[in-house]
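Below: one structure, written as structure tokens.
Note that the structure is a prediction, hence the values are computed from the model and not measured.
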Amino acid sequence: MEAGLDGSHDHWIDGRRTPPEGCAWLPTLKLANNFLSAVSLAATSEAVAFGRAAGLDMAVMLEVLNASSGRSGATADKFPDEVLTGRYASGFSNTLMSKDVGLYLRETGTLGGVAALAAVTHAVREAFAAAEPGADFTRVYPFTTGA
């Protein structure tokens, strides 16, 4: 068992490494994770809209993307489970995602980091949250495409 960042031993849940409760760096990691999820979902939405406009089938696109370097959590999980099915019930709202991306942007600025993608992603997320308050965050695809 390896020591975690706080010196404690790593915890495992469902085969995944998780930080111990009360870990001081957990809020930072949560913001980084949600930022990556938001960017990936927005980028996948645009890429799939691009392919659909060219006449490609979404399911075929996802199969190819998932066997290629474009694979991500958005292409492997969110699009097949939520977007392709039209379910849009991942359990996380666009309002909360907008808040988290905004916090990430603010904290990145406080730390003096690069935040060009965060600024663009936050603008998209804010507009989506204003247009569809409380909607599932995976509904960014129809919002992005204007559907």
Side-chain angles (χ1 to χ4, degrees), residues 1-5 9-21 23 25-109 111 113-147:
M1 197 179 287
E2 298 176 24
L5 291 180
H9 290 289
D10 291 337
H11 297 259
W12 296 84
I13 298 174
D14 294 332
R16 294 181 178 186
R17 183 181 295 183
T18 62
E21 288 188 37
C23 187
W25 48 267
L26 192 55
T28 300
L29 190 55
K30 175 188 177 270
L31 292 179
N33 179 74
N34 285 353
F35 166 69
L36 287 171
S37 179
V39 169
S40 177
L41 192 56
T44 301
S45 294
E46 287 190 12
V48 169
F50 169 73
R52 297 282 299 135
L56 300 178
D57 178 77
M58 186 186 300
V60 172
M61 287 185 70
L62 293 172
E63 184 178 339
V64 172
L65 291 170
N66 284 325
S68 306
S69 61
R71 185 180 192 282
S72 69
T75 63
D77 300 319
K78 293 174 188 81
F79 260 73
D81 296 346
E82 308 299 334
V83 179
L84 190 59
T85 64
R87 192 174 81 114
Y88 300 113
S90 72
F92 193 65
S93 77
N94 63 355
T95 307
L96 288 174
M97 182 58 86
S98 178
K99 177 191 70 85
D100 281 358
V101 174
L103 289 171
Y104 175 87
L105 179 61
R106 184 188 77 201
E107 292 303 311
T108 301
L111 296 172
V114 177
L117 290 176
V120 171
T121 303
H122 188 240
V124 170
R125 285 290 168 179
E126 275 190 316
F128 175 36
E132 297 183 40
D136 192 83
F137 89 111
T138 58
R139 280 195 51 80
V140 73
Y141 173 73
F143 173 78
T144 301
T145 63

Step by step, work out the side chain to side chain contact (heavy atoms under 4.5 Å, CB included) result for Thr28 and Glu107.
CA-CA 9 Å; Thr28 300; Glu107 292 303 311; over 6 Å; no
Dump the intermediate steps for side chain to side chain contact (heavy atoms under 4.5 Å, CB included) on Phe92 and Asn34, then the final yes or no.
CA-CA 11 Å; Phe92 193 65; Asn34 285 353; 3.9 Å; yes
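Residues satisfying the salt bridge (Lys or Arg N to Asp or Glu O under 4.0 Å) criterion with Glu82, sequence neighbours excluded, are Arg87.
The main-chain N or O of Gly70 is never found under 3.5 Å from a side-chain atom of Ser68 such that the two would form a donor-acceptor pair. Without hydrogens or angle criteria, Ser98 side chain to Thr95 main chain gives no donor-acceptor distance under 3.5 Å. Between the side chain of Asn94 and the backbone N or O of Gly134, at least one donor-acceptor pair lies under 3.5 Å. Side-chain atoms of Asp57 come within 3.5 Å of backbone N or O of Val60 as a donor-acceptor pair. At distances below 3.5 Å, at least one donor-acceptor pair connects side-chain atoms of Asp136 with backbone N or O atoms of Gly91. A donor-acceptor pair under 3.5 Å is formed between the side chain of Thr75 and the backbone N or O of Ser72. Without hydrogens or angle criteria, Asn33 side chain to Leu29 main chain gives no donor-acceptor distance under 3.5 Å.
When all heavy atoms of Val101 and Ala118 are compared, the pair lying nearest together is CG1-O, 4.0 Å. Smallest separation of non-hydrogen atoms from Asp81 and Thr85: O-OG1, 2.8 Å.
Here the straight-line distance linking atom CZ of Arg71 with atom OG of Ser40 works out to 10.5 Å at 0.5 Å rounding. Interatomic distance, Arg139 CZ to Glu132 CD, rounded to the nearest 0.5 Å: 4.5 Å. Between the CG atom in Leu41 and the CG atom in Leu36 there is a gap of 12.5 Å [rounded to 0.5 Å]. Residue Met61 holds its CE atom at 11.0 Å from CG of Asn66, rounded to the nearest 0.5 Å. Atom CG in Leu31 sits 11.0 Å away from atom CG in Leu105 (nearest 0.5 Å).
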Tell me which donor-acceptor pairs under 3.5 Å the side chains of residues 121-129 have, and how far apart each pair is, sequence neighbours excluded?
residue, atom, partner, partner atom, Å
Thr121, OG1, Leu117, O, 2.8
Arg125, NH1, Phe137, O, 3.1

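Side-chain contact check for Val83 versus Lys78: every heavy-atom pair is 4.5 Å or farther apart. Using a 4.5 Å heavy-atom threshold, the side chains of Ser45 and Phe143 count as separate.
Among pairs with a residue in residues 48-83, those fulfilling ring pair (Phe, Tyr, Trp, His ring centres under 6.0 Å) read Phe79-Tyr141, at least two apart in sequence or across chains.
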